[in-house]
Number of protein chains: 2
Amino acid sequence: MTETDIAPPRRKRAPSKRSLETRARILDAAERLFAQGGFDGASMRDIAVAADVPVALVNFHGGAKEALFDTVVARRAETLARHWLDALESAKADHGPLDLRAVLDCFIRPYLNLAATGGAQWTAYARLIAHVSADERWRPISERCFDPTVAVFVAELIPKFPKAETRRIAGAFVFSISAMLSLATSRWRIEAMAGDSGEATSGLDEWADFLIDFCEGGFRAALAG
Amino acid sequence: MTETDIAPPRRKRAPSKRSLETRARILDAAERLFAQGGFDGASMRDIAVAADVPVALVNFHGGAKEALFDTVVARRAETLARHWLDALESAKADHGPLDLRAVLDCFIRPYLNLAATGGAQWTAYARLIAHVSADERWRPISERCFDPTVAVFVAELIPKFPKAETRRIAGAFVFSISAMLSLATSRWRIEAMAGDSGEATSGLDEWADFLIDFCEGGFRAALAG
DNA sequence: GTCTATATGTAGATAGAC
DNA sequence: GTCTATCTACATATAGAC
């Protein structure tokens with residue numbers, strides 16, 4: 001952690017193809033299990049079984065358990081941050097200065113698209129973020145992986161509400177983030193609540209406009225004047 | 001669990017005063033530690049130390065660890081449900097049929113008041129709910145402790161949006177719940193983001209109207225027409 | 001009801017053969 | 001890089017004296 005990277009060995013030659021596949025299988029399995037039960041909800045042994053490798057390989061590729069957890073969270077966070085910032089930049093390039101709705105769209109739609117098309121791993125990742133956010137032990141991870149990108153979006157929103165206190169704007173944005181995550185993790189519950197029995201009857205992308213409407217309306221109502 | 005209650009012994013006489021105090025200390029300590037690190041984040045030993053009792057007493061009063069966790073979550077959930085339903089009933093008694101804002105107020109304000117006046121345990125409880133919601137193992141607890149009350153509020157909202165699908169209404173309400181919980185668990189982060197260095201500069205109750213504005217505006221914008 | 005001592009399991013991590 | 005075998009620590013839970 002004090003060093004340049006978290007990767008397992010000091011790379012001397014390129015890692016073999018098989019090694020890379022093994023490493024990916026381990027990280028994917030860890031992500032899935034950590035998403036279900038949090039850091040302590042999955043043992044190194046569980047992860048080894050899920051990845052179909054012996055336990056020692058989990059330590060070899062992932063390092064100690066805490067380092068493995070950190071790697072798993074950080075890996076996808078980087079991808080996500082890139083999608084968010086790219087969406088912002090290309091929207092600006094295409095349409096000039098962005099209005100409130102466009103900024104919210106740049107935050108909400110990239111993740112929902114990943115979750116709708118990229119399948120289960122991106123949905124699991126929302127649960128993982130929920131675990132990280134719920135547990136005080138992982139504050140450093142949140143601060144390092146998510147806060148910088150969130151700060152960019154908040155900075156983007158500040159000039160749109162010149163009369164509002166900054167913390168109100170940040171508050172409304174945090175409300176929007178949590179609504180987005182709850183949609184990803186609890187769509188099944190929402191639809192069950194409405195009596196839509198059993199399986200999810202709609203894709204995440206069907207909900208995108210609805211969620212953006214909600215957040216935009218919330219911002220305008222709470223920060224009006 | 002297959003029996004009438006979770007309380008430790010078959011009550012024959014009234015439990016002694018000291019016994020009740022011991023039990024309360026154990027449940028409070030368990031709540032605090034479970035809120036920080038989730039079910040696995042706190043060991044029975046940690047709880048015993050925090051409550052200043054020997055380990056065996058934790059088992060005696062709280063039962064096995066899963067039963068203890070369940071008891072801790074359920075205890076405050078009952079209080080909360082009562083506050084919610086009371087707010088709804090007395091608002092109806094005072095003002096007749098409720099509009100959207102009044103219903104949201106009945107859901108949001110009781111919890112924020114408890115957290116603002118009742119101190120740290122109610123704030124910790126929001127973190128505990130976040131853990132329960134994030135972890136698939138505890139779905140049965142959510143369904144038993146929270147879903148029935150949520151269903152009452154959703155039913156209250158349905159006639160206010162006759163043209164909207166029920167699952168949209170349920171969705172908007174889940175967004176509102178998650179925003180409320182994120183306010184309780186992450187107010188420090190919101191204020192840090194705005195540069196308000198260090199300690200929380202405002203009480204939770206200062207945020208109540210803001211949050212209600214946000215949710216009301218979200219509902220109206222997303223379910224308009 | 002309370003506490004000490006302990007039974008039994010499983011956790012994370014690694015040494016060392018291949 | 002991979003795998004087997006194992007070390008050490010700590011978890012939950014309870015038996016049994018007081």
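What's counted below: heavy atoms across the whole structure, side chains too, no hydrogens, waters or symmetry copies.
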### Query
Checking Tyr111(B) side chain against Trp122(B) main chain: does a donor-acceptor pair fall under 3.5 Å?
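Side chain of Tyr111(B) to backbone of Trp122(B): a pair is present.
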
Out of [options], which nucleotide sits closest to the side chain of [X]?
X        : options                  : value
His61(B) : dA15(D), dC3(D), dT2(C)  : dT2(C)
Asn59(B) : dT4(C), dT4(D), dA13(D)  : dA13(D)
Ser19(B) : dA15(C), dT2(C), dT14(D) : dT2(C)
Arg18(B) : dT4(D), dA13(C), dC3(C)  : dC3(C)

May I have the distance from [X] (atom [atom1]) to [N] (atom [atom2]), rounded to whole angstrom?
X        : N       : atom1 : atom2 : answer
Lys17(B) : dG1(C)  : NZ    : P     : 14 Å
Lys65(A) : dA11(C) : NZ    : P     : 9 Å
Glu21(B) : dT2(C)  : CD    : C1'   : 15 Å
Phe60(B) : dT4(C)  : CZ    : C1'   : 16 Å
Met44(B) : dA9(D)  : CE    : P     : 23 Å
Leu20(A) : dG1(D)  : CG    : P     : 7 Å
Phe39(A) : dA11(D) : CZ    : C1'   : 15 Å

### Query
Taking for each residue the nucleotide of DNA chain C bearing the nearest heavy atom, is the 5' side occupied by Ser43(A) or by Leu57(B)?
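Whichever sits nearer the 5' end wins; that is Leu57(B).
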
### Message
Here's a test for you: under ring pair (Phe, Tyr, Trp, His ring centres under 6.0 Å), which of Phe39(A), Phe146(A), Phe34(A) qualifies with Trp138(A)?
### Response
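The ring pair (Phe, Tyr, Trp, His ring centres under 6.0 Å) with Trp138(A) is passed solely by Phe39(A) among Phe39(A), Phe146(A), Phe34(A).
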
### Query
Does Thr22(A) make a side-chain N or O approach to OP1 or OP2 of dT2(D) shorter than 4.0 Å?
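Answer is yes, contact under 4.0 Å.
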
### dG1(D) OP1/OP2 closer than 4.0 Å to side-chain N/O of Ser16(A)
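The answer is no; no side-chain N or O of Ser16(A) sits under 4.0 Å from OP1 or OP2.
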
### Task
Could you tell me whether Arg45(A) contacts a base, only the sugar-phosphate backbone, or nothing, with contacts defined as non-hydrogen atoms closer than 4.0 Å?
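Base: the residue Arg45(A), judged by heavy atoms under 4.0 Å, touches a nucleobase.
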
### Query
Can the positive tip of Arg109(B) be found less than 6.0 Å from the middle of the six-membered ring of Trp84(B), inside 45° of the ring normal?
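Negative - Arg109(B) is either too far from the ring of Trp84(B) or too far off its axis.
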
### Query
Heavy atoms, side chains only, cut-off 4.5 Å: are Leu128(B) and Arg32(B) in contact?
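They are not in side-chain contact.
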
### Task
With the side chain counted from C-beta on, respond yes when Phe219(A) and Leu157(A) share a heavy-atom pair under 4.5 Å apart, and no when they do not.
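Side chain of Phe219(A) against side chain of Leu157(A), heavy atoms only: contact under 4.5 Å found.
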
